[in-house]
Amino acid sequence: MLHDLLPRRVEARRILLATIFSAIGRGLTLPFMFIYLTKVRDISAFTAGLVMAWIAVCALVIGPIGGWAVDRYGARRVVVPMLLVEAAGVFSMGLVHNVALAVGAATLIGLGGGVIWAGVNVILSSVTEEHERQKTFGLNFTLLNLGIGVGSVIAGSIVDIKQPSTFQLIYTLDAIAYLIPFLNLLFMRGVGQQLTVSAPAGQPAARKAGYREVFAHKGFRRLLAFSVVMTISGYAQIEVGFTAFAIDVAHVKERVVALAFTANTLVIVLAQLIVVRLIQRRSRTRVLALVGVIMGASWLILGIAGVVDGRNAVISSIAVIASAAVFASAETLISPVNPTLINALATDELRGRFNALGSMVWSISGIVGPVTAAPLIAGGHAGIWVALTVGGCLVASLLALSLRRLITPEQDGLEAPQVEAVGNPQSVTA
């Protein structure tokens with residue numbers, strides 16, 4: 001099955017391989033930043049939350065600039081230096097001793113991350129054929145989660161809040177892991193070039209298309225609306241809202257929350273490859289609509305744990321773990337379809353901008369999550385939080401269904417695209 005899902009070109013396979021190593025590095029630090037800032041560096045919980053949200057703010061600000069730069073100079077020229085920027089931020093985070101240094105490190109992490117994800121998507125799209133792109137993005141998401149899971153397990157056996165050096169070690173290893181995709185792209189000179197060429201000599205250059213043309217695309221505007229609503233109602237809530245609800249409302253133990261996130265990762269890793277095969281040649285808009293329904297169901301299941309309210313520890317625990325697992329099944333649907341649909345709507349001239357806006361939406365989750373879930377749940381309005389998340393997911397489903405009439409059947413994945421002729425792989429550039 002894995003062999004059937006692998007893209008044809010070796011460049012794409014190398015990018016996927018680099019994803020594993022960089023994801024392991026990310027997994028070393030991702031679950032522990034809040035603990036590190038509060039327990040090791042003695043930064044208040046409120047300030048630590050702001051530092052983490054600042055990463056998302058920086059990514060959101062740099063996103064449009066990164067999209068313009070990718071279209072103007074080529075994805076490889078932009079992504080390669082930004083990998084070093086984020087690596088510097090990660091390494092610096094291990095050395096912080098006060099809030100100012102933490103903000104500085106967070107700024108570098110946000111600036112790098114706000115450009116890299118969209119740029120890599122552009123490169124990966126350029127080195128895969130249209131008919132295999134959806135499978136490739138799904139496989140990339142699987143490897144990302146597998147790497148993060150492995151990294152988290154490794155870090156869990158290393159870190160000790162009484163020994164700051166253990167946290168410095170995992171941040172150093174995370175920074176080193178960025179060198180793998182850096183070196184990989186540095187020596188792949190045949191990919192990531194500018195997708196469009198200048199006007200021939202002697203002919204007046206036409207006005208360069210920009211974000212105005214991107215936002216003029218009705219289909220992409222609707223897809224962007226779906227992504228924003230889905231992100232706010234889904235991904236924005238999984239890290240803060242889910243944990244807060246499970247601990248403070250369902251009254252389960254911390255280890256149950258850890259098991260829930262483990263179940264989430266296992267479902268993604270085990271089911272993703274099967275899912276990408278099942279959704280081939282199916283309507284992408286209907287798949288996205290199904291994502292909203294499933295994510296809404298996951299919040300309802302979590303609500304059951306809240307209704308039980310710890311009176312039956314077994315039922316509460318099962319509901320919390322099941323909620324995370326069901327949420328993961330929706331992730332296996334959206335991860336291959338969303339980036340594939342973005343690139344199906346994008347033109348070569350504006351591919352960087354399309355992907356930048358698509359990636360910016362996910363940065364919103366790092367900002368919206370803490371400022372929506374925490375006040376509602378902490379203020380005793382957990383029922384309202386569940387109702388809003390479920391309602392938001394269903395609205396996202398309706399937006400996805402309405403998108404179908406704005407795009408072509410081929411863009412919707414219902415008609416097989418023309419398969420590119422097999423030629424010299426080095427002749428195809430991003």
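One-based numbering along the sequence shown.
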Gap separating the [atom1] atom of [X] from the [atom2] atom of [Y], nearest 0.5 angstrom:
X      : Y      : atom1 : atom2 : value
Leu139 : Arg13  : CG    : CZ    : 10.0 Å
Thr29  : Ile109 : OG1   : CD1   : 7.5 Å
Ile377 : Phe245 : CD1   : CZ    : 7.0 Å
Leu223 : Leu399 : CG    : CG    : 10.0 Å
Thr19  : Ile24  : OG1   : CD1   : 11.0 Å
Leu273 : Thr332 : CG    : OG1   : 10.5 Å

Contact check, side chains of [X] and [Y], non-hydrogen atoms, under 4.5 Å:
X      : Y      : result
Leu173 : Leu169 : yes
Tyr178 : Val90  : yes
Val361 : Met230 : no
Arg284 : Gln134 : yes
Ile55  : Met33  : yes
Trp68  : Tyr73  : yes
Phe167 : Ile161 : yes
Ile116 : Val120 : yes

Do the side-chain N and O atoms of Ser402 and Arg222 include a donor-acceptor pair separated by under 3.5 angstrom? yes
Do Asn343 and Asn121 meet the criterion of a side-chain donor-acceptor pair at a distance under 3.5 Å? no
Has the side chain of [X] got a donor or acceptor atom that lies under 3.5 Å from a matching backbone atom of [Y]?
X      : Y      : answer
Tyr36  : Met93  : yes
Trp299 : Ser233 : yes
Arg133 : Thr128 : yes
Arg41  : Gly94  : yes
Thr166 : Asp160 : yes
Glu86  : Leu83  : no
Gln411 : Thr408 : yes

Of all the heavy-atom pairs spanning [X] and [Y], show the shortest one and how long it is.
X      : Y      : value
Arg282 : Leu414 : C-CD2, 3.9 Å
Thr389 : Val386 : OG1-O, 2.8 Å
Gly25  : Ala177 : CA-CB, 3.8 Å
Ala356 : Tyr211 : CB-OH, 4.1 Å
Asn338 : Ser227 : OD1-OG, 3.6 Å
Ser397 : Val293 : OG-N, 3.3 Å

Would you check if the distance from the ring center of [X] to the ring center of [Y] is below 6.0 Å?
X      : Y      : result
Trp385 : Phe242 : no
Tyr235 : Phe327 : yes
Phe91  : Tyr171 : no

What salt bridge (Lys or Arg N to Asp or Glu O under 4.0 Å) pairs are there with at least one residue in residues 327-341, not counting sequence neighbours? none
Given the rule in the side chain to side chain contact (heavy atoms under 4.5 Å, CB included) test, do Val115 and Val78 qualify, once you have shown the distances and angles that lead to the verdict? CA-CA 8 Å; Val115 174; Val78 176; 3.4 Å; yes
Sequence neighbours excluded and cut-off under 3.5 Å, please list the side-chain donor-acceptor pairs for residues 318-325, or say none.
| unit_1 | atom_1 | unit_2 | atom_2 | d |
| --- | --- | --- | --- | --- |
| Ser323 | OG | Ser298 | O | 2.8 |

So with a 6.0 Å cut-off around CZ of Arg77, is the heavy-atom count from everything else above 12? no
Is it the case that over 12 heavy atoms from other parts of the model lie below 6.0 angstrom from the CZ atom of Phe21? no
Using distance only, find each side-chain donor-acceptor pair of residues 142-152 under 3.5 Å and give its atom names and separation, not counting sequence neighbours.
| unit_1 | atom_1 | unit_2 | atom_2 | d |
| --- | --- | --- | --- | --- |
| Thr142 | OG1 | Gly138 | O | 3.0 |
| Asn145 | ND2 | Phe141 | O | 2.9 |
| Ser152 | OG | Gly27 | O | 3.3 |
| Ser152 | OG | Ile148 | O | 2.8 |

Could I get the full list of salt bridge (charged side-chain N to carboxylate O under 4.0 Å, His left out) partners for Arg404, not counting sequence neighbours? Asp412
Salt bridge (charged side-chain N to carboxylate O under 4.0 Å, His left out) with Arg353: which residues, sequence neighbours excluded? Asp71
Test: Arg8 and Glu129 ion pair at under 4.0 Å: yes
Can you tell me how the ring of His217 sits relative to the ring of Phe220, calling it parallel under 30°, perpendicular over 60° and tilted otherwise? perpendicular
Steps toward side chain to side chain contact (heavy atoms under 4.5 Å, CB included) verdict (Thr136, Asn140): CA-CA 6 Å; Thr136 302; Asn140 186 58; 5.5 Å; no
Take Arg76 and Arg189 through the side chain to side chain contact (heavy atoms under 4.5 Å, CB included) test and state the conclusion after the steps. CA-CA 8 Å; Arg76 179 175 168 275; Arg189 300 183 182 277; 3.7 Å; yes
Could you walk me through whether Ile334 and Leu288 pass the side chain to side chain contact (heavy atoms under 4.5 Å, CB included) check? CA-CA 6 Å; Ile334 196 173; Leu288 293 179; 4.0 Å; yes
Dump the intermediate steps for side chain to side chain donor-acceptor pair (under 3.5 Å) on Trp54 and Thr107, then the final yes or no. CA-CA 7 Å; Trp54 179 246; Thr107 301; 2.8 Å; yes
Residues two or more places apart in sequence or in another chain: which of them pass side chain to side chain contact (heavy atoms under 4.5 Å, CB included) with Val287? Ile279, Leu333, Val337
